[in-house]
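None of these values were measured; they are calculated from a predicted model. FYI, side chains are in, hydrogens and waters are out, and symmetry mates aren't considered; it's all heavy atoms of this structure. This chain uses plain numbering: 1 for the first residue, then up along the sequence.
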Amino acid sequence: GLVDRELDLDKQLKAGEPRVLAHERLAEWNESRADTVELWTRIQQHLPTTDRIYFTDFRVTPQSGEVVAKITGTGQAKQRADVDDMYQRLAENGFRVTPTATRTARKDPDFPVQFDLNVDLLRDAGPNEKPPAIASSEVRS
């Protein structure tokens, strides 16, 4: 009767729930997904010129939630100070920086300092917002 029909409909609704949730999550991700080219342009304006630092590996991974994108990479710098300056500029411009230890690399004598980049571009960090100060890196190589 009516109760059986109601239970059957309820079962069908529950069976469709995961699909609906998956579609909602996909829609959310699509809305929050940032255009990689735009992200690259945005981070590039805060990076030192290539006469101080260059990257051997650079990845922009769009995220959802408070983080627009995670930016990771490896690079070479003339001096440790160049890396610290880059971290500071990024931190002042809406990026959450996780400083990493530098290494001395012999493959490029003109750029002997090797570093890893690990920063998050935060969604709501506008230029007027006071950025989080990055911990001064005690780690020296």
Query raised in the report: Quick one: do Asp85 and Arg89 make a salt bridge, cutoff under 4.0 Å?
Result: no
Query raised in the report: Do Thr72 and Arg59 have side-chain N/O donor and acceptor atoms under 3.5 Å apart?
Result: no
Query raised in the report: Can you name the closest pair of heavy atoms from Arg106 and Thr104 and give their distance?
Result: NH1-CG2, 3.5 Å
Requested in this report: Please say whether more than 12 non-hydrogen atoms of neighbouring residues, nucleotides or ligands are located less than 6.0 Å from CD in Glu6.
Outcome: no
Query raised in the report: Gln76 versus Asp110: any side-chain heavy-atom pair under 4.5 Å?
Result: no
Query raised in the report: What's the shortest heavy-atom distance between Val67 and Arg123, and which atoms?
Result: O-NH2, 3.8 Å
Query raised in the report: If you take all heavy atoms of Phe111 and Ile53, which pair is closest and at what distance?
Result: CE2-N, 4.0 Å
Query raised in the report: Does the ring center of Phe55 lie less than 6.0 Å from the ring center of Phe115?
Result: yes
Requested in this report: Find the distance between CD1 (Ile71) and CG (Asn118) and round it off to the nearest 0.5 Å.
Outcome: 9.5 Å
**Report entry** CG-CG distance between Leu90 and Leu117, expressed to the nearest 0.5 angstrom
**Finding:** 6.5 Å
Query raised in the report: If you measure from CD on Gln79 to CG on Asp84, what distance do you get to the nearest 0.5 Å?
Result: 10.5 Å
Report task. State the CG-CD distance between Asp108 and Gln114, to the nearest 0.5 angstrom. Result -> 10.5 Å
Query raised in the report: Mind checking whether Thr100 and Tyr87 have side chains closer than 4.5 Å, heavy atoms only?
Result: yes
Query - Phe95: which of Leu122, Asp120, Ile43 passes side chain to side chain contact (heavy atoms under 4.5 Å, CB included) - result: Ile43
Query raised in the report: At their closest point, which heavy atom of Ala77 faces which heavy atom of Val83, and how far apart are they?
Result: CB-CG2, 3.7 Å
Query - Side-chain heavy atoms of Gln88 within contact of His46, under 4.5 Å - result: no
